[in-house]
Amino acid sequence: MTPIYPPEPFRIKVVEPIRLIPPEERELKLIEAGYNLFLMKAEDMFIDLLTDSGTGAMSQEQWAAIMRGDESYAGARSFVRLEAAVQDVFGFKHFVPTHQGRAAENILAACRVKPGQWVPSNMHFDTTDANIRARGGRPANLVIDEAHDPENRHPFKGNMDLAKLRAFIEKYGREQIPFGMITVTNNAGGGQPVSMANIKAVADLYHEFDIPFFIDAARYAENCYFIKQREPGYESKSVKEIAHEMFSLADGMTMSAKKDAIVNIGGLLCVNDDALFQDIKNELILREGFPTYGGLAGRDLDAMAVGLYEGLDEAYLSYRLGQTAYLAARINEAGIQTIQPTGGHGVYVNAGALFPHIPNYEFPAQALAVELYREGAIRGVEIGSVMFACLDPETGLWHYPKLELLRLAIPRRTYTQSHLDYVADTLANIKDRAHSVSGYRFTYAPELLRHFTARFEPLALEVASA
Ligand code: P71
């Protein structure tokens, strides 16, 4: 039975119209964009589930805070208010605002990663991975094996594999590991949470070897709510108390505030170490701005200060995670597989299972992304072979990811239950004609990050199934 989720703990005061363009127009838009949804216009989307990053709705308190924004260059009131919130929620000794998560990652990597060094995590998100590599470093993903099985219902599928982490540290040694990380929730693995017990064990292990420990806190509040729901001993703690405990285990954090701080732009970098903080400020001034604004406007800092508390609100979190679970359940009821258990910020549809007749080199998840637009003007994001297949320079062979997924990320406080029903019904219609959907091939593909700019054409079905 479909779980009912708590009614939205807000009502709607401002509306943004959306328009469902007719099927013939959608077909033309697809051709114009070379069947790449990144190249399409937002105005041609009815429901946009490309990302939950910076796409949520701010509250009346956040918009009011924006009016109080102090645009002074140094020591603005907005900074002082953000500082109080960051101190209260995370409790680190020092912090700087950044324009978004990847800017915090860039500064941390610039200050600490040297060529040839390793940075382990459960799974790095793409931007963290790229920022470590940009400094000559090497990211390593040591998540538990259960994370790779879409049917496995481990309650904390984002956990680090502790045996792998110990073996990794023993192999490379403290000198080759400037810091270690963990991502909560694990976005690259389906928005899966990490347990407090695992974070504690990871912190102990890093500290045993004197390695500083950083949390990628983009979706920390969703992770803390999962801990409250699933981890014995945390049922009666508040999400804020759980967050305090989590961050007390770490030496610092990077955060894209565009997620759980419910702002359209912003990020944070927090640390305890005085010398590192000095380096961070110098790098920040060079790249982003003075340490009391970090590349943001004063009003952005104020919106973040308010959003940090709203993201921790338990009525909101229960509605939010309920909404994701509801969409997944409705999709599953239509006989379509999604990654289990459902994560925090989105539903990851198993496109490979829906289109068994499309081989991975003809991009089944891309085919589903196109079909979802064609059928319902809905935009998801392909997380499969378009994004991740890569050529091994040594063997000359292509490596394909294990799963062909379409992520439907849910923006915060933005869509209602009827929007979600529409998404599930649209997918169900596609399932009914799944056998007639063809694969795709590239007509243009750059070497790196090809999903953003690639162009495609559909293959004839006879070719696809031959
Ligand atoms: C998401 C994003 C946004 C995104 C980024 C790049 C390509 C497509 C979409 C961003 C994250 C994230 C985690 C765990 C750091 C960042 C970077 N996620 N850590 O999922 O999920 O933050 O975008 O503010 O720079 O759609 P940033």
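Both ligands and their constituent atoms are indexed starting at 1 by order of listing.
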Asks: How close do Asn223 and Pro193 get, counting heavy atoms only, and between which atoms?
Replies: OD1-CA, 3.2 Å
Asks: Could you tell me whether the side chains of Gln417 and Tyr326 share a donor-acceptor contact shorter than 3.5 Å?
Replies: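 Result is yes, a qualifying pair exists.
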Asks: Hey, which residues fall under 4.0 Å of ligand 1 on heavy atoms?
Replies: Thr51, Ser53, Gln100, Gly101, Arg102, Glu105, Phe125, Thr127, Thr183, Asn187, Asp216, Ala218, Arg219, Ser256, Lys258, Lys259, Arg407, Phe452
Asks: Applying ring pair (Phe, Tyr, Trp, His ring centres under 6.0 Å) as the test, list every pair that has at least one member in residues 134-162; sequence neighbours left out.
Replies: none
Asks: Applying salt bridge (Lys or Arg N to Asp or Glu O under 4.0 Å), name anything that partners Glu146, two or more places apart in sequence or on another chain.
Replies: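 Salt bridge (Lys or Arg N to Asp or Glu O under 4.0 Å) list for Glu146, sorted by chain: empty.
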Asks: Sorted by first residue and then second, give each salt bridge (charged side-chain N to carboxylate O under 4.0 Å, His left out) pair with at least one member in residues 154-163; sequence neighbours left out.
Replies: Asp161-Lys164
Asks: State, to 0.1 Å, how close Arg138 and Ile132 come at their nearest heavy-atom pair, and which atoms those are.
Replies: N-CG2, 3.7 Å
